[in-house]
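All chains are named by letter (A, B, ...) in the order of the sequence lines, taking the proteins before the strands, and each is independently numbered beginning at 1.
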Amino acid sequence: MKYIDEFRNSELARKVLKEIHDLADEPVRIMEICGGHTHVIFKYGIEKMIPPQVELIHGPGCPVCVTPLERVDLAIDLAWRDNVIFTTFADMIRVPGSKSSLQREKARGADIRMVYSSLDALDLARDNPDRPVVFFAIGFETTAPTNAMSVLLAREQGLDNYSIFSNHVTVPVAVRAILDSPDVRLDAFIAPGHVSLVTGSRMYEFMADDYGKPVVVSGFEPLDIMQSIAMILRQRREGRCQVENQYIRAVTPQGNPLAQQVVERVLEPCDMRWRGLGLIPGSGLKVRPEFSAHDAEHRFDIGSLPELEDPKACDCGNILRGAKMPWDCRVFGKGCTPEHPIGACMVSSEGACAAYYNYGRHNLAPR
Amino acid sequence: MNDRIRKPAAKEVLLAHGSGGRDMHQLVEGLIVPRLDNPLLAALEDQACLEINGVQLAFTTDSYVVDPIFFPGGDIGSLSVHGTVNDLAMSGARPLYLSLALILEEGFPMADLERLLESIAGAARENAVQVVTGDTKVVHRNSADKIFINTSGVGLLEGPRIPGAVGVRPGDKVLLSGSLGDHGMTILSLREGFRFDSPLASDSAGLWPLVEAMQKAAGGSIRAMRDPTRGGLATTLNEIAARSRVGIRLEEAEIPVNESVRGACEILGLDPLYVANEGKLVAFVGPEGADALLEALRGHPLGAGARCIGTVVEDDRHQVILQTAFGGSRIVDMLSGDPLPRIC
């Protein structure tokens, strides 16, 4: 595949790997924020290719994982409302709430359908004018623009039966919360590529300027990630601390202003609880009152459910902040597996624990 | 016997219980097999091998619920012949007779039914099997989706039977007859309305001629054969590794995947190792016969793209580990969940 195989070339990988080995003269802890990066790191076995003193810490950037239990419960509540067609990305279908999952409620007869985009949900609303269609909007800055756009289109096209259940979260506020927590030792960051496509790489400048952490925005192919690691090590070797952009074929400093405007128009910041991390003020996005007709929370008056504690057995909070590794958690791979996830990090294939479990556990000592 | 019954965690049947992956295994091994307890069933092969008055027969059954019912490379009719023929062939048995049971939804177009019956007849002729018994049921509209087909098959074992999933040993080679994922990605892209530049087509085909060629070349070296359908190659390899108590090491660079399938998988975030095939076999063979068997595979059009994709090793954890073309390694686990509902 053109434009993809080039970034999976093992010969080029060996060259970058040599550079990484040459530059890695001291222990360094690098967090890749994005779950997509975590997935690629494990899928290609990158972690065991790089020298052991370069430690990769897997951050909270999996929106499926961090969606709290009570929001999944509310989604299930919405799916059972009279005549509703509830639409969701396939990733959310197996995520357990406090008592059930969308998958299970679908088996019980709720009309829950998997879509690839909010625009597919909009088509369903057009095809079923007499039924309310709700879209389970989750994700970071990457998915927020299309989901916001679906609301604008619904209004424009008079699709009054369409609404979104917004659970959007934003990267910078969460990263700041992690950087401010006392027990976290992180030296540098690999910043998300797709989020940056929308927001621009400038968004991370506070991490370099205020916290003194080198940041490299990375693409999603294995060679991208290797090169980003090399760029971070080079910054450290040269005593620099900057936001650099490895993903220049997609990301600009300013990002995509049109996408930003659509989000700004439809959504506004709100407090949001993150599974594993707790309440992070200002880290969520909700539908602006002007569009409340297309806001499922308002339209169905779902109110709020009491906040639910994360399962006690799990160490997700520490793992998401990089304070502990997946195998430090006592239920990892025992009570908590991808089939029956207990904690946030096992819920989606992009979660740190699931990535270790699915792809990397042959490298762990048997316990 | 009932102390071996293990109820699945879910209180209801989920789509994942039919996906071919781990949930389905738990259902079959925990709920079904203990209740029907007998050694032939407990072998959990794709077919049962029966000895009746000194004659060795293979016997199997399969139901087909694929949606859409017509697709490039085949339809639910030809698929219902190929799938059952292949389950027989994987034991080394020559497929001979099929049953055909149709469950039809009220209102199903008669023209479509005729077209499917022609397709069934054609596939039976091509694979030298006869449909010798059958059944027809019609259910109310919405009680079934268009048409479901069940076929059972009987085949004759003319030589020694292939040892099967417990017979694989360290040092064995893993041969794959051709590219992965063609059937599953064809169905998925049709269902989701995706259009790709390069056309996708199902690999649906009867594999007996390929097996016959292998038996002639070095039949004694074949330890186990499977057609990796639901759950894909990854799930099949994990079943074999667990049942033979061995590990498997794969070379990603050797695993053939068509360009259009790779592209479609890339877009949808799927891994071809987990996507269904309907005209491919994976064979575990003793190293002494590997070259001759690979040559036999390649000598037939259905196996022209055959490759040796890996080796069986000693491994207490019975893991399947892939050496990535990029230079790293990772576990290839059994399918978990349900990425492709109703693909076969």
Most heavy-atom pairs under 4.5 angstrom with chain A, which of Gly328(B), Ala325(B), Ala253(B)?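 The candidate making the most pairs under 4.5 Å is Gly328(B).
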
Which of the residues Ile321(B), Ile331(B), Leu14(B), Asp316(B) is involved in the greatest number of heavy-atom pairs with chain A at under 4.5 angstrom? Ile331(B)

At a 4.5 Å cut-off on heavy atoms, which part of Glu266(B) comes close to chain A: side chain, backbone, both, or neither? side chain

Could you tell me which of [options] has the largest number of non-hydrogen atom pairs under 4.5 Å with chain B?
options: Asp5(A), Ile46(A), Ile93(A), Asp120(A); value: Asp5(A)
options: Pro222(A), Ser10(A), Ala90(A); value: Pro222(A)
options: Lys48(A), Lys43(A), His39(A); value: Lys43(A)

If the threshold is 4.0 Å, N to carboxylate O, is there a salt bridge linking Arg169(B) and Asp172(B)?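 Salt bridge between Arg169(B) and Asp172(B), a charged N being under 4.0 Å from a carboxylate O: no.
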
State plainly whether the residues Glu221(A) and Arg8(A) are in salt-bridge range, i.e. N to O under 4.0 Å.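 A salt bridge links Glu221(A) with Arg8(A).
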
Could I get the full list of salt bridge (Lys or Arg N to Asp or Glu O under 4.0 Å) partners for Arg104(A), not counting sequence neighbours?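 By the salt bridge (Lys or Arg N to Asp or Glu O under 4.0 Å) rule, Arg104(A) matches Glu12(B).
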
Could you check if a side-chain atom of [X] sits within less than 4.5 angstrom of a side-chain atom of [Y], using non-hydrogen atoms only?
X: Asp224(A); Y: Arg249(A); value: yes
X: His340(A); Y: Met346(A); value: no
X: Glu105(A); Y: Phe86(A); value: no

Any chance you could measure Thr186(B), atom OG1, to Leu200(B), atom CG, to the nearest 0.5 Å? 4.5 Å

Can you tell which part of Phe42(A) gets under 4.5 Å to a heavy atom of chain B, answering side chain, backbone, both or neither? backbone

Non-hydrogen contacts under 4.5 angstrom with chain B: give the residues of residues 11-22 of chain A involved, or none if there are none.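 The stretch touches chain B at Ala13(A).
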
Where Ala121(A) and Thr87(A) come nearest, the two heavy atoms and their spacing: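 Looks like CB-OG1, 3.4 Å.
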
Arg330(B) side chain to Gly45(A) backbone, donor-acceptor under 3.5 Å: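 Such a contact is absent between Arg330(B) side chain and Gly45(A) backbone.
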
